Amino acid sequence: MQIGIDRIGMYTPNKYIDLVDLAHARNEDPAKFLIGIGQKEMSVADETQDAVSMGINATLRYFDRIDSAKVGLLLLATESGVDQSKSGSLFINSALGLGPDVRTFEIKEACFGLTAALVTARDYIQAHPDKTAIVIGSDIARYGLKTAGEVTQGAGSISLLVKKDPGILALDPQSSACSADINDFWRPNESKLALVDGKFSTAIYLDFFKTTFTAYQKMTGLKTNDFAALIYHLPFSKMGLKANRIAVAGQDEVTTKRLNNSFTASIQLGQRIGNTYTAALYFSLLSLLENGALAPSARIGLFSYGSGAMGEFLSGKVIIGHQNMLMRGSDEQQLQKRRKLTIAEYEEVFTQALTEPQDDVELTSDAEKGTWYFAGISERQRQYRKK
Ligand code: HMG
């Protein structure tokens, strides 16, 4: 039985900044951000968008096209959780109107979370072939204004429908995992901003890529030239580029060109949205599917990395006709409709979003009609509404 991804919905907030503007404001050479970091734009979440609302909005992109009665599992992977106890997925379950018989919970291991949810969903479908699963990665990357990490922030969500006989990507059964208790990036309970040992984190990311990719090849007998594309967790595109350079080192010209071209196709969305932590690898996947030239049954390798740290290399084969399951035009429209903020406006929106809303103060959203948003806190309970 083939199990894998049948639908992909994306959401990113309706505001962004141009990183050339940010470079000027921070007295940096724009080439550092555009080439050295490899990013162009960055989505900015205001106080009304959080992991829950973005997750609802991403899922609603395809929800009216699926048989919702078959959904038996709903997982939210996030490191931008809205409660220490209650799973954010319960708010999402309620907004989607799924039944009470759905098993739902939240998963956390930094950016690795959505991969953890995806492989959990694969195992669930194996045991319950007539059911489907919705797995969502939803995050806001915040390091703080005027920090080295500022240019690698972002916000967005990816929602995946996982089922048997999928329409987009059939997952291969094998994968190679690697974990280690290290402190490259973390976010203490009292902080809304992540702490990071930046240079260390980039070195560990590459170590984990080498370890998991080598182990995967040994385990499966597959070689680098068996892949039509390799895609990466993308905190910023230069990070993936460094991993891809390792992958293509010593390969023949045809393989190198193919993997370089597919890498370029895979970074288009991430370069404009920024780091979305759990969702970032799956924005790479969506970007590759929408912008790459993939033959039917092409094999894609996915490198997932979450600080702390956990890495996994997995793979899947593209399904014939997968283009018909995508929404390239409306995904692009979503990006184009975002409002560009000046750096002064971004600083205000960013700072406001760090402030805890006062009880019983209703928040209003400037998002499009139909968008779900966080409307504030009433009697210490979070309120979500549809615009
Ligand atoms: P930095 O110190 O500001 O940057 O921090 P830099 O000085 O290292 O420069 C960056 C690159 O720009 C360098 O290129 C420079 O040479 C180049 P590289 O040596 O890397 O190839 N450069 C220029 N290029 C062209 N023209 C110029 C120019 N000037 C310099 N004029 C850093 C960079 C990434 C460390 C920082 O932004 C940071 O700490 N970011 C956050 C941490 C991060 O994203 N880590 C990634 C790996 S960990 C991960 O992926 C997990 C994560 O997503 C979290 C999770 O799992 O939940 C973060």
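For clarity, every value in this text was computed on a predicted model and none was experimentally measured. Whatever order the structure lists them in is the order used to number ligands and atoms, beginning at 1.
Counting only heavy atoms of the protein, atom 8 (O) of ligand 1 lies nearest to Lys199 CE, 3.0 Å. Considering only non-hydrogen protein atoms, atom 9 (O) of ligand 1 sits nearest to Lys32 CE, 3.6 Å. In terms of protein heavy atoms, atom 42 (C) of ligand 1 is closest to Val196 CG2, 3.6 Å. Of all protein heavy atoms, the one lying nearest to atom 52 (C) of ligand 1 is Cys111 SG, 3.6 Å.
Within a 6.0 Å radius of CD in Gln84, no more than 12 heavy atoms belonging to other residues, nucleotides or ligands are found. In this structure, Glu362 places its CD atom where more than 12 heavy-atom neighbours from other residues, nucleotides or ligands lie under 6.0 Å away. Summarising the local packing, NZ of Lys192 is surrounded by more than 12 heavy atoms from other residues, nucleotides or ligands at distances under 6.0 Å.
When the heavy atoms of Tyr143, Trp186, Phe33 are ranked by distance to atom 58 (C) of ligand 1, first place goes to Tyr143. Nearest residue to atom 45 (N) of ligand 1 from Pro235, Gly240, Ser201, Gly311 is Ser201 (criterion: closest heavy atom).
Under the 4.0 angstrom criterion, atom 39 (O) of ligand 1 counts as having a protein heavy-atom contact. For atom 17 (C) of ligand 1, a protein heavy-atom neighbour is found at a distance under 4.0 Å. There is a protein heavy atom closer than 4.0 angstrom to atom 11 (C) of ligand 1.
Relative ring orientation between Phe303 and Tyr232 is described as perpendicular, the plane-to-plane angle rising above 60° on a 0-90° scale split at 30° and 60°. Ring-plane geometry between Tyr124 and His128 is classed as tilted, the angle between the planes lying from 30 to 60 degrees on a 0 to 90 degree scale.
At least one side-chain heavy atom of Leu145 sits under 4.5 Å from a side-chain heavy atom of Glu150. Annotation: side chain of Met239 is in contact with side chain of Leu206 (closest heavy-atom distance under 4.5 Å).
Annotation: His233 places an N or O atom under 3.5 Å from an N or O atom of ligand 1; distance criterion only. For a threshold of 3.5 Å applied to N or O pairs, the pair formed by Ala148 and ligand 1 contains at least one separation below that value. Taking only nitrogen or oxygen atoms, main chain and side chain alike, Lys242 reaches within less than 3.5 Å of ligand 1.
Within the listing of ligand 1, atoms 55 (C), 57 (O) sit less than 4.0 angstrom from a heavy atom of Glu79. Using a 4.0 Å cut-off to heavy atoms of Lys238, the atoms of ligand 1 that qualify are 14 (O), 18 (P), 21 (O). In summary, the atoms of ligand 1 found under 4.0 Å from a heavy atom of Asp29, numbered by their order in the structure, are 31 (N). Near Gly306, with a cut-off below 4.0 Å to any heavy atom, the atoms of ligand 1 are 56 (O). Listed by number with element, the atoms of ligand 1 under 4.0 angstrom from any heavy atom of Thr152 are 37 (O), 40 (N), 41 (C).
Side-chain atoms of Tyr384 and Asp50 form a donor-acceptor pair, as typed in the model, at a separation below 3.5 Å.
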Practice prompt. Under the side-chain contact (heavy atoms from CB on, under 4.5 Å) rule, what do Phe185 and Asp197 come out as? Steps first, then yes or no, please.
Written response: CA-CA 6 Å; Phe185 165 107; Asp197 186 342; over 6 Å; no

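The backbone N or O of Gly270 lies less than 3.5 Å from a partner atom in the side chain of Gln39, making a donor-acceptor pair.
The salt bridge (charged side-chain N to carboxylate O under 4.0 Å, His left out) search around Asp18 returns none, not counting sequence neighbours.
Proximity of Asn275 to ligand 1, defined as any heavy-atom pair under 4.0 Å, is confined to the side chain (atoms from C-beta onward).
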